[in-house]
Amino acid sequence: MQVLVVGAGVIGLAIARAAALSGHDVTVAESTGGIANGVSSRNSEVIHAGLYYPTDTKRAVHCVRGRRMLYAFCASHGVGHRKCGKLVVATNDAELAKVETIMAQAEINGVENTEMIGGNAARDMEPELFCKGALWSPETGIIDSHGYMRALWGDLADRGGMIAFETPVEEMSYKTSQWHVRFGGREAGTIPFDAVINAAGLGAQPLARRIDGYPAEKVPRLVLGKGNYFGFAGRPVFSRLIYPTPIDGGLGVHVTLDLAGRMRFGPDVEWIEVENYAVDPQRAESFYARVRTYWPGLPDNSLVPDYSGIRPKLRGPGEGQADFMIATPADHGLPQLVNLFGIESPGLTSSLSLAEEVVGYLST
Ligand SMILES: Cc1cc2nc3c(=O)[nH]c(=O)nc-3n(C[C@H](O)[C@H](O)[C@H](O)COP(=O)(O)OP(=O)(O)OC[C@H]3O[C@@H](n4cnc5c(N)ncnc54)[C@H](O)[C@@H]3O)c2cc1C
């Protein structure tokens, strides 16, 4: 089939690759001038183990399976990564109870090798850490996400797939057994495809609303959950990822590391109405307070505004966690069309597994 994938983020690229490997003729349309210019370039680059997500949700299933697939992909494609492990730390008794709940969920989700350890054992691993106890997750890691996305593009190109840059999809309608897709950009025009997959990230809902005949009530609300990061201006003190207990909308301001060993903190959760990526230096105050609960030695004046990313959420403050939404023909009634909504964390980790599910909906 002639398959169009909308969006060259990690999800669109993984789906395009999987579709090409299944023998489809694949085109990716991307509105910007390159791959990974959206949510995929503004995250923590963590390969999540799959600890937190409710039983049998798509996030739980794809994170655990996608993580195993991602480590294998990194090994076979030479993508930079490090299985550095992570500690989810409890600094008081109430948090200890929360961490034990996460441990129980991790076991239900089938995450390998997790264990509860005491404060002293955690400090043996990370001497600067303050905690009463922690969950140790050795399967968690970090990845060069741009290297990963370039490798996905390489596999796609090897199978004859191509990416059309600066080519926004404007609208589409289904007639005579094909999707007639109108593109804007430099080579604007209308081209027919057998199947379309909408992996447009923050643009998924606006695009779904421009699909002729798509039921309006099936387009979920898009809520913007911005996450700000602060860099650490000093020598890194941790060699593993350190996470506090989760907060409403996110996993809490954690210690993230890149492959060069640099340390930064974030993301927090800032609910916003309009897309913007500026990091307000004033937010540093709350970062100092939160980080010092588990790293009392964080020096004054050591945090510098870094970058931010926006989670494409389906639920707002206090409304609990939503699952990834994959809207198939059975859900919306239109043939050969899949829309992906709310692909926030752990989308990067889940990408290879999610891609297999999505390609499975293409019927020849
Ligand atoms: C702060 C933050 C931290 C995160 N940390 C992690 C983490 O550590 N580990 C993890 O596993 N996940 C993490 N995630 C989640 C992960 O980053 C996302 O799930 C993933 O990047 C989503 O990729 P995507 O391809 O759906 O979206 P995007 O990368 O945004 O790609 C969508 C693309 O579609 C294009 N587009 C939009 N509209 C159109 C149109 N009409 N026509 C053509 N193109 C269009 C956009 O330009 C964009 O390039 C994090 C997310 C955030 C925000």
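Counting convention: from 1, in listed order, for ligands and their atoms alike.
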Before accepting this row, confirm whether a basic side-chain N of the pair [X]/[Y] lies closer than 4.0 Å to the acidic partner's carboxylate O.
| X | Y | answer |
| --- | --- | --- |
| Arg67 | Glu112 | yes |
| Lys132 | Glu95 | no |
| Arg283 | Glu270 | yes |
| Arg123 | Glu128 | no |
| Glu319 | Arg221 | yes |

Out of [options], who is nearest to [atom] when you count heavy atoms only?
| atom | options | value |
| --- | --- | --- |
| atom 36 (N) of ligand 1 | Ser31, Gly203, Pro312, Ala8 | Ser31 |
| atom 32 (C) of ligand 1 | Ala200, Pro168, Gly185, Gly38 | Ala200 |
| atom 51 (C) of ligand 1 | Leu207, Asn43, Val10, Val46 | Asn43 |
| atom 47 (O) of ligand 1 | Glu30, Glu344, Glu171 | Glu30 |

Please check if [X] and [Y] belong to a single hydrophobic cluster, counting links between Ile, Leu, Val, Met, Phe, Trp and Tyr side chain heavy atoms closer than 4.5 Å.
| X | Y | value |
| --- | --- | --- |
| Val28 | Leu337 | no |
| Val237 | Tyr288 | yes |
| Leu303 | Leu257 | yes |
| Phe165 | Ile11 | yes |

State the atoms of ligand 1, each with its element, that fall below the 4.0 Å cut-off from a heavy-atom position in [X].
| X | answer |
| --- | --- |
| Arg311 | 53 (C) |
| Arg42 | 1 (C), 2 (C), 52 (C), 53 (C) |
| Thr32 | 47 (O) |
| Gly7 | 33 (C), 34 (O), 35 (C) |
| Gly347 | 11 (O), 12 (N), 15 (C), 19 (O) |
| Val6 | 40 (C), 42 (N), 43 (C), 44 (N) |
| Glu45 | 8 (O) |
| His48 | 7 (C), 8 (O), 9 (N), 10 (C), 11 (O) |

Nearest non-hydrogen protein atom, [atom]:
| atom | result |
| --- | --- |
| atom 3 (C) of ligand 1 | Tyr229 OH, 3.3 Å |
| atom 16 (C) of ligand 1 | Leu348 N, 3.8 Å |
| atom 24 (P) of ligand 1 | Ile11 CG1, 3.6 Å |
| atom 13 (C) of ligand 1 | Ser345 OG, 3.5 Å |
| atom 18 (C) of ligand 1 | Ile343 O, 3.5 Å |
| atom 41 (N) of ligand 1 | Val169 O, 3.1 Å |
| atom 21 (O) of ligand 1 | Ser40 OG, 2.9 Å |
| atom 30 (O) of ligand 1 | Val39 N, 2.8 Å |

Please say whether [X] places an N or O atom under 3.5 Å from an N or O atom belonging to ligand 1.
| X | answer |
| --- | --- |
| Thr349 | yes |
| Ile310 | no |
| Thr167 | no |

**Q.** Part of Glu170 with heavy atoms under 4.0 Å of ligand 1, whether side chain, backbone, both or neither
**A.** neither
Q: Verify the ring-centre separation between Tyr148 and Phe73: is it less than 6.0 angstrom?
A: yes
Q: Might you work through the ring-ring contact (aromatic ring centres under 6.0 Å, His included) test for Tyr174 and Trp179, ending with a clear yes or no?
A: CA-CA 4 Å; Tyr174 192 76; Trp179 281 103; 5.1 Å; yes
Q: Check the surroundings of atom CD in Glu217: do more than 12 heavy atoms from other residues, nucleotides or ligands lie under 6.0 Å from it?
A: yes
**Q.** Geometric cation-pi criterion, Arg240 with Trp136: 6.0 Å, 45°
**A.** yes
Q: Classify the side-chain pair Asn339/Tyr214 by whether it contains a donor and acceptor separated by less than 3.5 Å.
A: yes
